[in-house]
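Chain letters run A, B, ... following the sequence lines, proteins first, then strands; residues in each count from 1.
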Amino acid sequence: MTDTSAELLPTRERRSRRILWLLRALAGDPMAVAAAIWLLIVVLAILTDSLSLLGDNRISLKARNLPPFDFGQSWTLWLGADALGRPLLVRLIQATSTTIGIAVVTVLTSLIGGTLLGVIAGYFGGVVGNVIMRICDIILGFPTLLVALFGLYLFGPSVGNLVIVLAITRMPAYIRVARAETLEVRERLFVDAARVFGGGPTWILRTHILPSVAPTMLTLASVNLAMVMLFESGLSYLGLGIQPPSVSWGLMVAQGQGYLSSAWWLGFFPGLAVMLTTMSFNLLANWFRIVNDPSQHWRLVKRRR
Amino acid sequence: MNQPLLKVEHLSRHFGSGATPVRAVDDVSFEIARGETLGLVGESGCGKTSLVRTLLKLGPATSGSAVLDGVEITKASGRELHELRRKMQVVFQDPYQSLNPRLRVDRLISEPWALHPGAVPKARWREETVKLLESVGLRAEHADRYPSEFSGGQRQRLGIARALTLNPTLLVCDEPVSALDVSVQAQVVNLLARLRRERNLAMLFVAHDLAVVRHVSDRVMVMYLGKIIETGPKQSIFSAPAHPYTQALMSAVPTPDPRLRGHRKRIVLEGDLPSPANPPSGCRFRTRCWKATSICAEQEPGLTARTAAPGLLTACHHANAETGR
Amino acid sequence: MALLEVKDLQVSFDTASGPIFALNGVSFSLERGEVLALLGESGSGKSVTASAIMDLVPNPPGAIDRGSIRFDGTELLKLSRTERRDLCGSRIALIFQDALAALNPVYPVGWQIAEMYRIHGRNPAGGVEKAVIDLLTAIGIPDPERRARQYPHEFSGGMRQRIMIAMAVALEPDVIIADEPTTALDVTIQAQVVDLLATIRKRSDAGMIFITHDLGVVAELADRVAVMYAGRIVETANVFELFEDARHPYSVGLLGSQPRLDTDEDELVPIPGSAPNPLALPSGCAFRTRCPRAEGLCAEVVPPLETVGPGRQAACHFPVSPA
């Protein structure tokens with residue numbers, strides 16, 4: 001009995017075909033391309049900063065309140081300078097790692113914590129499940145910003161507290177989605193098959209449930225990155241987030257607020273950075289979701305008709 | 001050994017509590033000998049899926065017993081249950097749902113070995129996987145693929161290979177070919193027959209396609225609304241069924257011969273399946289039975305030999321090879 | 001003139017790995033009062049044929065590349081969207097495979113049947129309500145006045161299927177297309193549905209296209225059969241001829257691999273291999289990789305659908321000899 005239908009290409013060739021296809025799919029969504037480019041720039045900024053390639057951030061009274069787009073100056077001053085003469089571009093790049101770092105750590109915390117709690121609630125149900133869901137409801141009952149403000153006011157606005165507060169307020173969303181997905185996967189035949197082989201709950205959770213739930217959770221996380229960035233910016237703007245001398249984009253927007261009429265670029269460029277990054281995360285999350293669902297592929301890879 | 005491999009006695013599975021539980025499986029008794037194939041037919045709502053799930057310990061039995069090779073399934077737990085699982089395996093209906101799409105084939109096949117460390121040492125997993133794949137008509141390179149790259153028939157073969165990893169003595173097949181194309185069904189049916197001969201496997205073959213059951217089984221059981229209403233060797237059931245429901249089932253199967261069109265006396269059952277939460281008193285089939293009389297409402301007929309057909313047990317007060325229709 | 005005439009229909013779908021030709025030059029015709037069975041397995045293109053006639057091919061990613069569908073003289077593919085929609089549903093009706101999915105769960109059943117009349121602006125004598133009750137009675141639903149007010153989930157699977165059939169024949173269409181109407185049903189319910197379809201066929205002179213993979217149902221209902229494989233029609237014949245004397249090796253294989261209730265052969269004779277990958281169809285005849293009669297020519301030239309007897313055709317270079 002020969003089966004020709006599984007006689008597809010060997011593994012290596014399939015992999016390179018897949019990569020080519022992914023690139024085509026990316027090209028099929030120009031917004032995603034733009035988003036990817038911007039995020040590459042962001043990553044570059046983080047690398048530049050961490051490798052200390054930036055050079056001068058010294059206060060220079062000569063460059064005080066220098067307006068942007070004066071290409072005669074050195075490249076660092078192309079976005080202008082602030083009241084103390086520090087080049088804005090350099091400050092922006094320095095702030096990148098803080099902003100992105102906080103966002104990523106927060107999202108990772110709520111992703112891991114939320115997924116685990118949600119999967120446990122969904123698989124076991126019963127008292128444990130109920131307790132977890134009620135705690136979710138309680139957290140959801142309070143508006144995020146209020147809880148954040150309150151928490152940070154009480155415990156002091158440190159980076160660690162910021163991450164904890166943001167992660168906790170974001171977690172219920174993950175828990176609920178993870179639980180819903182688990183409830184569905186739990187009923188699938190391959191889970192039954194695993195139980196008939198003698199698989200216990202730990203095995204099933206680890207081998208079958210978590211991998212099935214992962215794509216949805218990652219999509220949720222990528223959307224959440226944008227939200228967390230905005231929250232952090234808002235909190236820094238209100239003075240309860242990042243404290244000077246550390247810098248984040250949100251903080252820069254706050255500091256630039258007083259100069260809106262005289263040195264507009266101080267608030268504009270950081271705000272633009274926040275906007276572009278959150279938009280990029282959202283666009284890529286959208287693209288990622290389509291790529292993961294084969295029935296939607298036609299949106300990305302079209303043929304001429 | 002003359003002891004049956006599987007002995008089920010008065011097994012029941014009820015859902016829900018209170019006054020009217022859903023009696024999905026109600027007081028069912030049967031046996032399977034070593035190397036024998038018992039076919040189980042019935043339509044949706046008859047309880048065959050619940051029976052399978054209860055036997056596989058995917059859900060608790062409400063009462064009764066099921067003994068596999070001396071071990072009481074309904075009461076087994078922990079170590080004993082784990083050992084029991086090696087003897088009893090399952091092939092599910094839906095080839096697209098019964099394999100985890102995210103796992104590669106070699107991972108899928110070795111899962112039982114990962115769960116039973118004593119069975120096959122890890123160093124030999126690859127070798128044994130290839131042997132199993134070849135025994136079901138697939139090839140070694142298929143071990144590195146994902147289920148989505150296979151057709152329905154091939155996936156079903158993967159499911160069969162996986163079920164054989166622990167060398168079970170009883171294979172429960174829950175509608176293994178229903179979701180497959182006709183030409184592929186025949187392949188899988190032949191495969192199961194060959195494996196059964198080679199390994200002296202006992203099988204419980206659940207299906208709604210009577211023709212397939214006829215090809216595969218030694219003995220057949222017919223279920224209706226949670227009860228076994230007729231059982232016997234395949235010859236007797238298919239050539240001289242005595243229970244009206246069995247007769248209706250047989251006559252409803254369209255025979256692929258257009259010359260018989262219009263000449264067949266087809267029994268078309270009136271009405272719908274009653275609710276298993278509230279089955280009719282006495283004989284459960286009486287509400288749709290053309291032979292029903294008053295005794296059928298008062299007394300539930302027992303499963304006994306009522307006709308001359310060898311080995312045939314029927315639960316009907318008016319059991320008769322004549323359909324009288 | 002045939003009631004429905006399909007010529008050289010090609011339908012393709014865009015996928016990540018290239019186009020799939022679901023229908024690859026399909027031609028057949030349907031006369032008044034005739035039941036034509038489209039017999040094939042998964043991937044043969046039989047359901048796509050129904051979608052193409054009813055303008056249900058999702059576009060994108062699918063599209064009708066070429067071909068013609070003439071209904072009662074009118075070329076369907078040249079009609080506008082609205083004109084096509086008027087025709088489909090009133091003069092050409094489709095019975096779906098999955099009745100539960102095709103019925104709207106939030107409207108009562110009687111309302112949905114009445115909707116058929118309303119949408120097409122028909123006013124049956126005696127009023128729409130009476131027509132609905134009559135229809136429900138005709139399909140064997142007891143206590144129709146009460147049941148017309150119930151919702152789809154309150155009916156059993158078999159009844160829902162019969163309700164769908166009722167909706168399809170409400171407007172007395174000229175063509176009824178039934179897409180696997182018995183596949184998801186239990187045997188005894190199948191028998192009810194097959195009976196109902198046979199009754200409908202006797203009472204009206206509508207043409208019926210019956211899409212299935214079940215040989216038994218074909219034997220019960222069909223007048224003519226068109227066997228499909230990999231997007232092409234490989235054999236057409238009247239039903240008696242097909243069962244006794246099939247010419248295409250695929251038809252022969254299909255007939256031979258079905259287990260039968262009335263005989264007790266020891267071993268089934270399956271068709272080796274499995275359905276071809278639509279992205280990588282074998283060159284020449286798509287069936288050649290599984291065909292015991294294949295020769296060199298089969299790999300090079302696609303066999304055309306040729307006449308092999310009065311009123312029958314087969315697409316094979318080496319058809320099976322007449323019995």
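When heavy atoms are compared at a cutoff of 4.5 Å, B:Arg53 approaches chain A solely by way of its side chain, counted from C-beta outward. For a residue to count as touching a neighbouring chain, one of its non-hydrogen atoms must lie under 4.5 Å from one of that chain's; by this rule B:Leu81 does not touch chain A. If you measure heavy-atom distances from B:Leu58 to chain A, the contacts under 4.5 Å come from both the backbone and the side chain.
The environment of B:Arg79 atom CZ is sparse: at most 12 non-hydrogen atoms of other residues, nucleotides or ligands sit within 6.0 angstrom.
The minimum heavy-atom distance between A:Pro215 and B:Arg102, with the atom names listed, is CG-NH2, 3.3 Å.
For A:Arg206, there are no salt bridge (charged side-chain N to carboxylate O under 4.0 Å, His left out) partners at least two apart in sequence or on another chain.
Contact count versus chain A (heavy atoms, under 4.5 Å) is highest, among B:His116, B:Arg86, B:His82, B:Gln89, for B:Gln89.
Scanning residues 186-205 of chain A against chain B with a 4.5 Å heavy-atom cutoff picks out A:Arg188, A:Leu189, A:Phe190, A:Asp192, A:Ala193, A:Ala194, A:Arg195, A:Val196, A:Phe197, A:Gly198, A:Gly199, A:Trp203, ordered by number.
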